[in-house]
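Hydrogens, waters and symmetry mates are skipped; everything else that's a heavy atom, side chains included, is used.
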Amino acid sequence: LSLHRQKLALGTLFLGLPLAWMGVFVVAPIFVVFWLSFTSYDLLTAPKFVGLQNFTDLLDDDLFWISVRNTAYYTIVTVPVGMALSLGLALLINRRLPGAGFFRTVYYAPVVAPLVSMAMVWMLFYQDTTGLLNYLLGLFQIAPLPWLSSPAWAMPSIIIMSIWKGLGFSMVIFLAGLQAIPLELYEAIALDGAGKWRVLRSLTIPLLMPSIVYVVVTSIIASFQVFSQVYVMTGGGPDNATTTIVHQIYRTAFVHLDMGYASAMALVLFVVLVVVSLVNLRVLTRRETL
Amino acid sequence: MAVLSIRRSSEAVALQPPHPIAAVPGRVRRSKALRNFFGFYLPATVIAVVMVFPFLWMVSVALRPEPEVYAYPPHLIPHSVAWDNFMRIWTDPRMKMGLMFWNTLVYATVRTFLQLLLSSMAAFVLARYRFPGRNIIFLLVLATVTIPHEVLVIPLFIMIKQMPFAGGNDWLGHGGTGWLDSFKGLILPGIVSGYSIFFLRQSLLHMPDDIEDAARIDGASEFSVYWRICLPMALPGLTALGVFSFQFAWSDFMWPLIITRTDHIKTIQFGLAVLQSADGTQWSLLMAGAVIATLPLIALFLLLQRFIASGINFGVGR
């Protein structure tokens, strides 16, 4: 077999198989979801074409808009708070001192742990009468909070747990960004007599911008898809205070078996996420050309 | 923090010439040690305690007799240690821990292996071969990373349910349950992703051509170029992707939740969530289960930590 023909055969097989797989299980489903969103389908009888009915229904669906609002609430709090805290952590441990590596590992541990198990531990913390958090509040003479059992506090509870879980991920990305900044620049700005605050504002933050953009975009995407902790910790309650878009998609499709309507929700989420992802893709490809 | 260390060294430089006395460097050293303590070790330790506390609590509750779970005031160190919780989770018929552990291991291992295989095949061709259309194909592959898994679950569920000739289905996929509630349905849809191909291509891209060409001159087949030269050289990348893929599958919740019908493919995370919402669940046993479900991932992370730093940036493994 000549080299050329061998390459052709192997290349076709090696590239064709994964691509065909992706075609079936990643690309085709998008078209299926698009088509289903114009139908009414309960899995038992054949899908019935209903035109734009699902989308006009969505506009009037209070529960869907509640889930949009909850998802926005989760995103608006989690992304900036998580970013500020993880940047702080990265700045704190980005130094050549013994033990810095140990702390990095410790802060990253929650990222590695499985979300569902960790959500259950936090449910114990959040117990109304016997939970640790209310006990700690009591030590400071603060009245106990109805963490997961009240509409007002359920979402903040989920947010606190999620921030704890995700901090290490952004921290590691910031650390990589910080370590890429040449030391000479710090020396130069120190010779100019810049204070700590000015170094951060006019050197560190600007040079860290690619990492910041990346962290913001990936956190927004992840926040729009929040599901497991909601399902486990509150089931969307109390009083729909924590139900999110993906949680509504799940309930509509797999509890109410309304596949067409759920597909319409999924398509809306998809369009929003693609817009966010395009920014992400630009960051990724820019990195690659470096 | 680099900023601080630079400032410190520049101060030291400024101090050096006019001070020949030995006492001054000593004081500088002591104030430096103090600053390290208050500026780094103290806050870092406090934060570390907060970050690991949920793990400590999980272990603590897992080691208690059930009544002590709700003891008030709460305490971290169990008054009486119930080691047998870790025995009972394996024998308690409601938990089926052995089966869940095995299922999760199968799901994570097989998925990881297949993902490494298929992704490295595509990555090999996209990184090492030159052919017209290569860049377009690569961009299309990369574009699929914008498709979120959560949006795909509805069509994937329907496709898996209507898989022709499987689970009592006819050739049109009607009449049976297809691949629902089977390992095929659990594993196969997720084994290739744009991320994994992109990531492995990165680690194959910067290899020198010479080694490959030398092997070809020696008469190596294209397959052995892939298998014996490229894969070993991409080992750090493969390890990182493998760890991420394993972690993802081990922690996966939504897909098992959707396609599991009976116990026989029930994974740990899904199984624990079901138990938690059931009436009369014992939290001490549940936490013992959570410890078992968490331990493998923590161990894997500690063992292979140095390999996975390169992969963290891209969220690979989905």
Side-chain angles (χ1 to χ4, degrees), chain A residues 3 6-7 10-11 14-15 17-18 21-22 25-26 29-30 32-33 91-97 103 106-107 109-110 112-118 120-122 124 130 132 135 172-173 176 183 186-187 190 196 199 218 225 227-228 232 246 253-254 259 262-263 266 269-270 273-274 277 281, chain B residues 1-7 10 36 40 43-44 48 51-52 54 57-58 61 70 72-74 118-119 121-122 124-125 129 142 144 146-148 150-152 154-156 189 192 197 216 221-223 247 250-251 253-254 258 269 272-273 276 283 286 290 293-294 297-298 301 305 312-313 315:
Chain A
L3 183 65
Q6 216 190 85
K7 274 188 162 179
L10 183 117
F14 270 33
L15 194 56
L17 188 62
W21 206 276
M22 282 179 78
F25 289 113
V26 181
I30 282 296
V32 175
V33 123
L91 288 170
L92 177 72
I93 64 170
N94 180 36
R95 43 183 106 193
R96 262 165 281 193
L97 286 176
F103 287 116
V106 168
Y107 300 164
V112 181
L115 179 57
V116 172
S117 300
M118 293 301 118
M120 292 194 304
V121 180
W122 280 80
L124 280 175
T130 56
L132 184 75
Y135 171 73
V172 167
I173 290 166
L183 282 177
Y186 286 114
E187 282 162 22
K196 214 160 114 183
V199 173
T218 47
Q225 297 171 343
F227 172 74
S228 302
V232 172
V246 175
F254 300 104
M259 295 288 165
S263 296
L269 177 67
F270 175 62
L273 283 175
V274 163
S277 287
L281 202 62
Chain B
M1 185 160 69
V3 184
L4 273 185
S5 63
I6 290 309
R7 284 191 57 215
S10 64
N36 280 344
F40 175 58
M51 295 306 271
V52 294
W57 197 257
M58 173 172 73
V61 172
Y70 302 102
Y72 200 84
L118 282 178
S119 311
M121 281 160 51
F124 170 71
V125 177
Y129 285 7
L142 197 55
T144 63
T146 59
I147 302 174
E150 281 72 4
V151 171
L152 301 183
I154 297 167
L156 281 178
V192 204
I197 294 176
R216 285 195 182 105
S221 70
E222 282 305 299
F223 180 78
Q247 277 175 349
W250 189 278
S251 315
F253 178 68
M254 196 181 190
I258 286 167
Q269 304 303 327
L272 290 178
Q276 177 263 316
W283 275 93
L286 208 54
T294 307
L297 291 190
I298 299 285
F301 166 63
Q305 210 188 150
I312 286 169
N313 283 328

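Heavy atoms closer than 4.5 Å to chain B are found in the side chain of F103(A), but not in its backbone. For chain A, the nearby part of Y129(B) is the side chain; its heavy atoms alone come within less than 4.5 Å. Residue contact with chain A, scored on non-hydrogen atoms closer than 4.5 Å, involves the side chain of F124(B) exclusively. For F270(A), the parts sitting under 4.5 Å from any heavy atom of chain B are the backbone and the side chain alike. Of the atoms belonging to I258(B), it is side-chain heavy atoms, and not backbone ones, that fall under 4.5 Å from chain A. For S221(B), the parts lying near chain A are the backbone and the side chain together; criterion is any non-hydrogen pair under 4.5 Å. Both the backbone and the side chain of Y107(A) come within less than 4.5 Å of a heavy atom of chain B.
Here A122(B) is the residue among A122(B), A293(B), S251(B) with the most heavy-atom pairs under 4.5 Å with chain A. The candidate with the highest count of non-hydrogen atom pairs below 4.5 Å against chain B, out of L132(A), L115(A), V274(A), is L132(A). For chain B, the option among L10(A), V33(A), L17(A) with the highest count of heavy-atom pairs below 4.5 Å is L10(A). Heavy-atom pairs under 4.5 Å with chain B were tallied for V26(A), L273(A), L269(A), V32(A); the largest tally goes to V26(A). Counting heavy-atom pairs closer than 4.5 Å to chain A, the top-ranked of the candidates L272(B), L297(B), V151(B) is V151(B). Listed options A113(A), P18(A), S228(A), A262(A) were ranked by heavy-atom pairs under 4.5 angstrom with chain B; first place goes to P18(A). Of the listed residues (L156(B), V61(B), L286(B)), the greatest number of heavy-atom pairs within a distance under 4.5 Å of chain A belongs to L156(B). Per-residue counts of heavy-atom pairs under 4.5 Å with chain A were compared for A290(B), P43(B), P189(B); the largest is that of P189(B). Contact count against chain B (heavy-atom pairs under 4.5 Å) is highest for V121(A) among V246(A), V106(A), V121(A).
The distance from the OH atom of Y70(B) to the CG atom of L124(A) is 7.0 Å, given to the nearest 0.5 Å. Once rounded to the nearest 0.5 Å, the distance linking CD of Q269(B) with CE of M118(A) reads 8.5 Å. Atoms CD and CE, from Q276(B) and M120(A) in turn, are 6.5 Å apart once rounded to the nearest 0.5 Å.
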### Query
Run the side chain to side chain contact (heavy atoms under 4.5 Å, CB included) check on M22(A) and I197(B) step by step: do they pass?
CA-CA 11 Å; M22(A) 282 179 78; I197(B) 294 176; 3.8 Å; yes
### Step-by-step side chain to side chain contact (heavy atoms under 4.5 Å, CB included) determination, F14(A) to F223(B)
CA-CA 10 Å; F14(A) 270 33; F223(B) 180 78; 3.9 Å; yes
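Between the side chain of Q6(A) and the main chain of E222(B), a donor-acceptor pair closer than 3.5 Å is present.
Annotation: side chain of K7(A) is in contact with side chain of R216(B) (closest heavy-atom distance under 4.5 Å).
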